[in-house]
Colleague: 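Below you will find the structure I want to go over with you.
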Amino acid sequence: MRAVVTTAAGDVRVMKVQERPDPQPGANQLLIRVKAAGLNFADILARQGLYPDGPAKPCVMGYEVSGTIEAVGQQVDPNLTGKAVIAMTRFRGQAELVAVPTTQTFAKPGHLTFEEAAAIPVNYLTAWGLLVAMGGLKKDEAVLIHNAGGGVGLAALDIAKHIGAKTFGTASAKKHDFLRARGLDHAIDYRNQDWLPILMSLTNGRGVELVIDPLGGSNWKQSYRALRATGRMGVFGMSVASASGIAGKWRALQAILSMPRFNPIGLMNRNRAVFGLNLGHLWDEGEKVAGWMREIMRGVAEGWVRPQVDHVFRFDEIREAHSYIEQRRNIGKVVLVP
Ligand SMILES: NC(=O)c1ccc[n+]([C@@H]2O[C@H](COP(=O)([O-])OP(=O)(O)OC[C@H]3O[C@@H](n4cnc5c(N)ncnc54)[C@H](OP(=O)(O)O)[C@@H]3O)[C@@H](O)[C@H]2O)c1
């Protein structure tokens, strides 16, 4: 089979399409013929050598796919063969074939394209974990979604609107029209403006009940200041470090040095909470995550989960796909097809 291989740490030239042996489904596994695979920011960070959770290189990344069941392993119903599915993969998804435990697989809704289906798991599960499971967002509360035009940002917007929260989002200015059309109440240009005073003025000086922040570094200090009493801040990324080579290492160091340090007494006296979410560390909580996925699939059926595919690249365009995300050109998901 053909697979997208991160051959080493470096710039986009380390990305190659190579032949690999076909995987075989083990017991309680399905072999999926991949029709579409999500490309995530983590894949970019892994290539840059800034993603400690990634496998040793050379490696095939890929946390999510859609496709059809090609074969089944022992203890799996053979009648499943040919069915269309969505799956969460612990890497190796960016390939023509991938073997996945049945517990990480869900029926693909018929009205979604394979590209839309592959855009769901990482973005919506992350957003669900942040807003619902850990952030406890409620109707009429205010939420600030940083990087609102990214895949996770748009998923968070869908969920926040479904809950009935008031939505604030930061993004590059050119993404604002799209975000407003998707229902964002207030878009803030965080690249050319100091976003905190703007948010405070929009909220009459009160701040918001929930901030979700994948930027990291000193931005986490600002996000914490944006919380009103009973506010929660969910941290889930370090986008500010993104760069190839020594520049990335330097930015990561700067981000770590400029992070806030939280004091439990301070949290208590300010009535605030800080939490973190790393979806890639929830593989031992499969039942819990499957429950989140069922809620998300209900959202697909009801129409309030709207996976937004910005661009579809072929495997052999993988370098362009990485550059597209690094240059901040995507609004929503970038998807790969074999
Ligand atoms: N912890 C978890 O479980 C988890 C899961 C998924 C994602 N994440 C994290 O969430 C963040 C967003 O992920 P995503 O999948 O939504 O990303 P995405 O769809 O690829 O969106 C990328 C966007 O990030 C913004 N951005 C901010 N800083 C950037 C930088 N230094 N370089 C390039 N783009 C930058 C840009 O939007 P603007 O033009 O609007 O700035 C860009 O378009 C990433 O940090 C990712 O690692 C964490």
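Counting convention: from 1, in listed order, for ligands and their atoms alike.
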Colleague: Look only at interatomic distance and state if Ser172 has a nitrogen or oxygen under 3.5 Å from any nitrogen or oxygen of ligand 1.
Modeller: yes
Colleague: Does the N or O separation between Gly153 and ligand 1 drop below 3.5 Å for any pair?
Modeller: no
Colleague: Measure the distance from atom 19 (O) of ligand 1 to every protein heavy atom, then report the residue, atom name and distance (to 0.1 Å) of the closest one.
Modeller: Gly151 N, 2.7 Å
Colleague: Any idea which of Ile212, Leu282, Val152 brings a heavy atom closest to atom 7 (C) of ligand 1?
Modeller: Val152
Colleague: Which atoms of ligand 1 sit under 4.0 Å from any heavy atom of Glu326?
Modeller: 33 (C)
Colleague: Please tabulate, for side-chain N and O atoms in residues 249-257, each donor-acceptor pair with protein atoms closer than 3.5 Å (sequence neighbours left out).
Modeller:
unit_1, atom_1, unit_2, atom_2, d
Arg251, NH1, Ser242, O, 2.9

Colleague: Is ligand 1 under 4.0 Å from a heavy atom in the side chain of Thr126, in the backbone, in both, or in neither?
Modeller: side chain
Colleague: What I want to know is whether Leu279 and ligand 1 share at least one N or O pair that is separated by under 3.5 angstrom.
Modeller: yes
Colleague: With a 4.0 Å cut-off on heavy atoms, is Gly332 touching ligand 1?
Modeller: yes
Colleague: Measure from NZ or CZ of Arg272 to the centre of the six-membered ring of Tyr224, then state whether that distance is under 6.0 Å and the direction lies within 45° of the axis.
Modeller: yes
Colleague: Quick check on contacts: which atoms of ligand 1 are under 4.0 angstrom from a heavy atom of Gly150?
Modeller: 16 (O), 19 (O), 21 (O)
Colleague: Students often mix this up, so state it plainly: with edges at 30° and 60°, are the rings of His186 and Phe168 parallel, tilted or perpendicular?
Modeller: parallel
Colleague: With heavy atoms of Pro214 as the reference, note each atom of ligand 1 found under 4.0 Å away.
Modeller: 10 (O), 11 (C), 45 (O)
Colleague: Atoms of ligand 1 less than 4.0 Å from Ala171 heavy atoms?
Modeller: 40 (O)
Colleague: Less than 3.5 Å apart, any donor N or O on the side chain of His146 or Ser223 sitting next to an acceptor on the other?
Modeller: yes
Colleague: Establish, from distance only, whether the side-chain atoms of His322 and Asp43 form a donor-acceptor pair under 3.5 Å.
Modeller: no
Colleague: When the ring planes of Tyr324 and Phe313 are compared, do they come out parallel, tilted or perpendicular, using 30° and 60° as the limits?
Modeller: perpendicular
Colleague: Would Asn330 count as a polar contact of ligand 1, with the cut-off being nitrogen or oxygen pairs under 3.5 Å?
Modeller: yes
Colleague: For the residue pair Asp189 / Asn192, report whether a side-chain donor-acceptor contact shorter than 3.5 Å exists.
Modeller: yes
Colleague: May I ask which of Phe41, Tyr324, Phe236 has a heavy atom nearer to atom 48 (C) of ligand 1 than the others do?
Modeller: Phe236
Colleague: Go through ligand 1 atom by atom and flag the ones less than 4.0 Å from a non-hydrogen atom of Leu277.
Modeller: 1 (N), 2 (C), 3 (O)
Colleague: Please could you name the atoms of ligand 1 that Tyr190 approaches to less than 4.0 Å, counting only its heavy atoms?
Modeller: 25 (C), 27 (C), 37 (O), 38 (P), 40 (O), 41 (O)
Colleague: Can you name the atoms of ligand 1, numbered from 1 with element, that are less than 4.0 Å from a heavy atom of Asn147?
Modeller: 12 (C), 23 (C), 24 (O), 25 (C), 36 (C), 37 (O)
Colleague: Could you tell me which residues satisfy salt bridge (charged side-chain N to carboxylate O under 4.0 Å, His left out) with Arg92, sequence neighbours excluded, listed by chain and number?
Modeller: none
Colleague: Can we say Arg306 and Asp158 salt-bridge, meaning some charged N sits less than 4.0 Å from an Asp/Glu carboxylate O?
Modeller: yes
Colleague: Return the option from His281, Arg328, His176, Arg251 holding the heavy atom at the smallest distance from atom 29 (C) of ligand 1.
Modeller: Arg328
Colleague: If we count only N and O atoms by modelled type, under 3.5 Å, do the side chains of Asn219 and Trp195 hold a donor and an acceptor together?
Modeller: yes
Colleague: With no hydrogens and no angle check, just 3.5 Å: does a side-chain donor-acceptor pair link Asn147 and Asp213?
Modeller: no
Colleague: So which bit of Lys175 gets within less than 4.0 Å of ligand 1, heavy atoms only: side chain, backbone, both or neither?
Modeller: side chain
Colleague: When you measure from atom 44 (C) of ligand 1 to each heavy atom in Ser239, Ala243, Ala156, which option holds the nearest one?
Modeller: Ser239
Colleague: Give a yes or no on whether a salt bridge exists between Glu64 and Lys333, defined as a side-chain N under 4.0 angstrom from a carboxylate O.
Modeller: yes
